[in-house]
> 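Structure provided below as C-alpha coordinates; questions to follow.
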Amino acid sequence: AAAAECPADREELGRSTWTFLHTMAAYYPEQPSAQQRRDMGELVRLFSRFYPCEDCAKDMRERLETRPPDTSSRCRLSQWMCGLHNDVNRRLGKPQFDCSRVDERWKDGWSDGSCD
Ligand code: FAD
(Lines give C-alpha, C1' and ligand atoms only; values in the text may rest on other atoms or scores of the structure.)
Protein backbone atom coordinates (compact mmCIF):
# COMPACT_ATOMS: atom_id res chain seq x y z
CA ALA A 1 0.00 0.00 0.00
CA ALA A 2 1.15 3.57 -0.59
CA ALA A 3 2.56 5.31 2.48
CA ALA A 4 -0.07 7.41 4.20
CA GLU A 5 0.41 11.15 4.43
CA CYS A 6 0.73 11.88 8.13
CA PRO A 7 0.77 15.02 10.27
CA ALA A 8 4.16 16.75 10.34
CA ASP A 9 6.47 15.81 13.20
CA ARG A 10 8.98 18.26 14.68
CA GLU A 11 11.67 17.43 12.08
CA GLU A 12 9.44 17.73 9.02
CA LEU A 13 7.80 20.88 10.32
CA GLY A 14 11.25 22.31 11.04
CA ARG A 15 12.59 21.60 7.54
CA SER A 16 9.50 23.11 5.89
CA THR A 17 9.58 26.13 8.16
CA TRP A 18 13.29 26.84 7.60
CA THR A 19 12.65 26.58 3.85
CA PHE A 20 9.94 29.21 4.19
CA LEU A 21 11.89 31.50 6.54
CA HIS A 22 15.18 31.46 4.57
CA THR A 23 13.40 31.86 1.23
CA MET A 24 11.32 34.73 2.58
CA ALA A 25 14.51 36.45 3.81
CA ALA A 26 16.21 35.81 0.44
CA TYR A 27 13.44 37.76 -1.33
CA TYR A 28 12.96 40.53 1.23
CA PRO A 29 13.63 44.00 -0.32
CA GLU A 30 17.23 45.27 -0.52
CA GLN A 31 15.89 48.64 0.61
CA PRO A 32 12.77 48.01 2.67
CA SER A 33 10.43 50.84 3.58
CA ALA A 34 9.88 51.73 7.23
CA GLN A 35 6.53 49.93 7.00
CA GLN A 36 8.11 46.79 5.54
CA ARG A 37 10.70 46.78 8.31
CA ARG A 38 8.02 47.07 10.98
CA ASP A 39 5.95 44.36 9.31
CA MET A 40 8.84 41.91 9.10
CA GLY A 41 9.76 42.54 12.75
CA GLU A 42 6.15 41.84 13.72
CA LEU A 43 5.94 38.76 11.53
CA VAL A 44 8.96 37.19 13.21
CA ARG A 45 7.65 38.00 16.68
CA LEU A 46 4.13 36.76 15.96
CA PHE A 47 5.55 33.65 14.37
CA SER A 48 7.36 32.85 17.64
CA ARG A 49 4.05 33.00 19.50
CA PHE A 50 2.20 30.56 17.26
CA TYR A 51 4.87 28.16 15.98
CA PRO A 52 3.24 24.78 16.68
CA CYS A 53 6.18 23.20 18.56
CA GLU A 54 5.96 24.69 22.02
CA ASP A 55 9.60 24.05 23.09
CA CYS A 56 10.89 25.45 19.77
CA ALA A 57 8.66 28.53 20.03
CA LYS A 58 9.70 29.23 23.61
CA ASP A 59 13.36 28.92 22.69
CA MET A 60 12.83 31.27 19.76
CA ARG A 61 11.08 33.87 21.93
CA GLU A 62 14.06 33.84 24.30
CA ARG A 63 16.51 34.24 21.42
CA LEU A 64 14.56 37.19 20.03
CA GLU A 65 15.00 39.02 23.33
CA THR A 66 18.78 39.02 23.03
CA ARG A 67 19.00 39.06 19.24
CA PRO A 68 16.11 40.93 17.59
CA PRO A 69 15.68 40.49 13.81
CA ASP A 70 17.83 42.77 11.64
CA THR A 71 15.24 43.94 9.11
CA SER A 72 17.40 46.70 7.60
CA SER A 73 18.01 44.91 4.27
CA ARG A 74 17.64 41.62 2.40
CA CYS A 75 21.28 40.82 3.07
CA ARG A 76 21.10 41.62 6.79
CA LEU A 77 17.86 39.69 7.32
CA SER A 78 19.27 36.65 5.49
CA GLN A 79 22.38 36.73 7.70
CA TRP A 80 20.27 37.18 10.83
CA MET A 81 18.11 34.19 9.91
CA CYS A 82 21.21 32.11 9.21
CA GLY A 83 22.55 33.02 12.65
CA LEU A 84 19.27 32.06 14.32
CA HIS A 85 19.25 28.71 12.53
CA ASN A 86 22.90 28.12 13.48
CA ASP A 87 22.03 28.77 17.14
CA VAL A 88 19.33 26.11 16.89
CA ASN A 89 21.77 23.80 15.05
CA ARG A 90 24.31 24.24 17.85
CA ARG A 91 21.73 23.43 20.50
CA LEU A 92 20.67 20.30 18.61
CA GLY A 93 24.26 19.17 17.94
CA LYS A 94 23.92 19.74 14.17
CA PRO A 95 26.75 21.18 12.02
CA GLN A 96 27.13 24.93 11.53
CA PHE A 97 26.11 26.29 8.14
CA ASP A 98 28.50 28.69 6.34
CA CYS A 99 26.43 31.90 6.25
CA SER A 100 28.48 33.31 3.35
CA ARG A 101 26.67 30.70 1.20
CA VAL A 102 23.13 31.47 2.27
CA ASP A 103 22.17 33.03 -1.10
CA GLU A 104 23.55 30.03 -2.97
CA ARG A 105 21.49 27.69 -0.82
CA TRP A 106 18.23 29.66 -0.83
CA LYS A 107 18.20 31.98 -3.86
CA ASP A 108 20.79 31.58 -6.62
CA GLY A 109 21.77 27.90 -6.51
CA TRP A 110 25.32 26.56 -5.93
CA SER A 111 28.08 28.19 -7.95
CA ASP A 112 29.04 24.78 -9.41
CA GLY A 113 25.76 24.82 -11.36
CA SER A 114 24.36 21.72 -9.62
CA CYS A 115 20.95 23.38 -9.21
CA ASP A 116 20.63 24.57 -12.84
P1 FAD B 1 17.17 21.72 9.15
O2 FAD B 1 17.84 22.24 10.38
O3 FAD B 1 15.68 21.70 9.13
O4 FAD B 1 17.71 22.57 7.91
C5 FAD B 1 17.18 22.42 6.59
C6 FAD B 1 18.25 22.84 5.60
O7 FAD B 1 18.59 24.19 5.83
C8 FAD B 1 19.57 22.11 5.74
O9 FAD B 1 19.55 20.91 5.02
C10 FAD B 1 20.58 23.10 5.18
O11 FAD B 1 20.68 23.00 3.77
C12 FAD B 1 19.96 24.43 5.49
N13 FAD B 1 20.57 25.08 6.65
C14 FAD B 1 21.04 24.53 7.79
N15 FAD B 1 21.48 25.46 8.63
C16 FAD B 1 21.29 26.65 8.01
C17 FAD B 1 21.55 28.00 8.38
N18 FAD B 1 22.11 28.31 9.55
N19 FAD B 1 21.22 28.98 7.50
C20 FAD B 1 20.68 28.68 6.30
N21 FAD B 1 20.39 27.43 5.90
C22 FAD B 1 20.70 26.42 6.76
N23 FAD B 1 13.89 21.06 16.78
C24 FAD B 1 14.08 20.59 18.01
O25 FAD B 1 14.22 19.37 18.19
N26 FAD B 1 14.13 21.44 19.09
C27 FAD B 1 13.98 22.79 18.96
O28 FAD B 1 13.99 23.54 19.94
C29 FAD B 1 13.77 23.31 17.65
N30 FAD B 1 13.56 24.64 17.47
C31 FAD B 1 13.25 25.09 16.24
C32 FAD B 1 12.97 26.45 16.06
C33 FAD B 1 12.60 26.95 14.83
C34 FAD B 1 12.27 28.41 14.68
C35 FAD B 1 12.50 26.06 13.71
C36 FAD B 1 12.06 26.57 12.37
C37 FAD B 1 12.80 24.71 13.87
C38 FAD B 1 13.18 24.21 15.12
N39 FAD B 1 13.47 22.85 15.30
C40 FAD B 1 13.72 22.38 16.56
C41 FAD B 1 13.59 21.92 14.15
C42 FAD B 1 15.06 21.78 13.71
O43 FAD B 1 15.68 23.06 13.58
C44 FAD B 1 15.21 21.08 12.35
O45 FAD B 1 14.38 21.72 11.38
C46 FAD B 1 14.88 19.59 12.36
O47 FAD B 1 15.60 18.94 13.38
C48 FAD B 1 15.23 18.94 10.99
O49 FAD B 1 16.63 19.12 10.79
P50 FAD B 1 17.42 18.85 9.46
O51 FAD B 1 18.72 18.26 9.86
O52 FAD B 1 16.57 18.10 8.47
O53 FAD B 1 17.74 20.29 8.81
Side-chain angles (χ1 to χ4, degrees):
E5 290 189 301
C6 299
D9 60 17
R10 183 183 278 223
E11 274 67 38
E12 188 191 340
L13 176 69
R15 275 190 292 276
S16 305
T17 303
W18 287 122
T19 298
F20 167 66
L21 289 174
H22 290 300
T23 308
M24 179 172 68
Y27 288 89
Y28 181 71
E30 294 287 358
Q31 296 181 302
S33 66
Q35 184 66 49
Q36 285 171 322
R37 293 189 56 175
R38 279 196 296 276
D39 286 348
M40 183 54 72
E42 272 293 277
L43 195 159
V44 171
R45 256 177 281 282
L46 290 172
F47 175 93
S48 76
R49 292 199 219 145
F50 290 98
Y51 188 64
C53 159
E54 192 39 52
D55 298 341
C56 312
K58 183 165 180 290
D59 178 69
M60 192 178 171
R61 288 194 295 272
E62 287 164 6
R63 287 179 202 287
L64 292 177
E65 300 268 319
T66 50
R67 192 166 8 158
D70 186 342
T71 59
S72 56
S73 71
R74 187 194 81 74
C75 183
R76 296 284 195 83
L77 185 66
S78 298
Q79 291 301 310
W80 177 84
M81 199 69 81
C82 187
L84 178 78
H85 194 167
N86 270 340
D87 284 351
V88 175
N89 287 341
R90 191 174 298 112
R91 199 162 68 86
L92 299 179
K94 292 180 190 279
Q96 293 292 287
F97 184 90
D98 174 359
C99 290
S100 72
R101 308 200 76 176
V102 81
D103 278 356
E104 283 180 80
R105 172 66 178 92
W106 296 108
K107 183 169 173 284
D108 301 326
W110 301 108
S111 51
D112 66 5
S114 55
C115 302
D116 297 350

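For ligands, and for the atoms within them, numbers begin at 1 and follow the listed sequence.
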> Is the contact between R15 and ligand 1 made by the side chain, the backbone, both, or neither, using heavy atoms and a 4.0 Å cut-off?
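For R15, the contact with ligand 1 is made by both the backbone and the side chain.
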> Answer side chain, backbone, both or neither: which part of L84 comes under 4.0 Å from ligand 1, heavy atoms only.
neither
> Answer with side chain, backbone, both or neither: which part of M81 has a heavy atom less than 4.0 angstrom from an atom of ligand 1?
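No part of M81 is near ligand 1 at this cut-off.
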> Taking atom 7 (O) of ligand 1 as the point of reference, which of W18, F20, W106 owns the nearest heavy atom?
W106
> Regarding atom 30 (N) of ligand 1: of the candidates S78, G83, C56, which has the closest heavy atom?
C56
> Check for me whether E12 has a heavy atom closer than 4.0 Å to any atom of ligand 1.
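The answer is no, since E12 has no heavy atom less than 4.0 Å from ligand 1.
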> Verify whether one side chain among Q31 and S73 offers a donor that lies under 3.5 Å from an acceptor in the other.
no
> Near T17, which atoms of ligand 1 are under 4.0 Å from a heavy atom of that residue?
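Going through ligand 1 atom by atom, the ones under 4.0 Å from T17 are 36 (C).
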> Non-hydrogen atoms of N86 versus ligand 1: any pair closer than 4.0 Å?
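Contact present.
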> Check E54 with R61, please: is the shortest side-chain N to carboxylate O separation under 4.0 Å?
yes
> Please determine whether a side-chain nitrogen of the Lys or Arg among E12 and R15 lies less than 4.0 Å from a carboxylate oxygen of the Asp or Glu.
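Salt bridge: no.
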> For atom 15 (N) of ligand 1, what is the nearest protein heavy atom, given as residue, atom name and distance?
N89 ND2, 3.1 Å
> Would you mind checking if R91 and D87 are paired as a salt bridge, meaning a charged N to carboxylate O distance below 4.0 Å?
no
> Looking at every non-hydrogen atom in both residues, tell me the closest pair between W106 and Y27 and how far apart they are.
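Closest approach of W106 to Y27: O-CE1, 4.3 Å.
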> Specify side chain, backbone, both or neither for R105, according to which of its non-hydrogen atoms lie closer than 4.0 Å to ligand 1.
side chain
> Return the minimal non-hydrogen interatomic distance between W80 and R67, and the atom names on each side.
NE1-O, 3.2 Å
> Do D70 and R37 meet the salt-bridge criterion of a basic N to acidic O distance under 4.0 Å?
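Judged by the 4.0 Å cut-off on N to carboxylate O distance, R37 and D70 do not form a salt bridge.
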> Nearest heavy-atom pair of T71 and Y28: which atoms, and what distance?
O-OH, 2.8 Å
> Provide the closest heavy-atom pair for M81 versus L21 in the form atom of the first, atom of the second, distance.
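Result for this residue pair: CE-O, 3.8 Å.
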> Got the closest protein heavy atom to atom 23 (N) of ligand 1, with its distance?
L92 CD1, 3.6 Å
> Please list, in number order, the atoms of ligand 1 under 4.0 Å from a heavy atom of R91.
26 (N), 27 (C), 28 (O)
> Which atoms of ligand 1 are found less than 4.0 Å from any heavy atom of C82?
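Within the 4.0 Å cut-off of C82, ligand 1 contributes 17 (C), 18 (N), 19 (N).
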> Decide yes or no for P69 and L64: does some side-chain heavy atom of the first lie under 4.5 Å from some side-chain heavy atom of the second?
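Contact flag for P69/L64 side chains = yes.
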> Looking at ligand 1, does any of its N/O atoms fall within less than 3.5 Å of an N/O of Y51?
no
> Flag D59 as yes when one of its N or O atoms lies below 3.5 Å from any N or O atom of ligand 1, and as no otherwise.
no
> Does any N/O atom on K94 come nearer than 3.5 Å to any N/O atom on ligand 1?
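The answer is yes, given that K94 and ligand 1 share an N or O pair closer than 3.5 Å.
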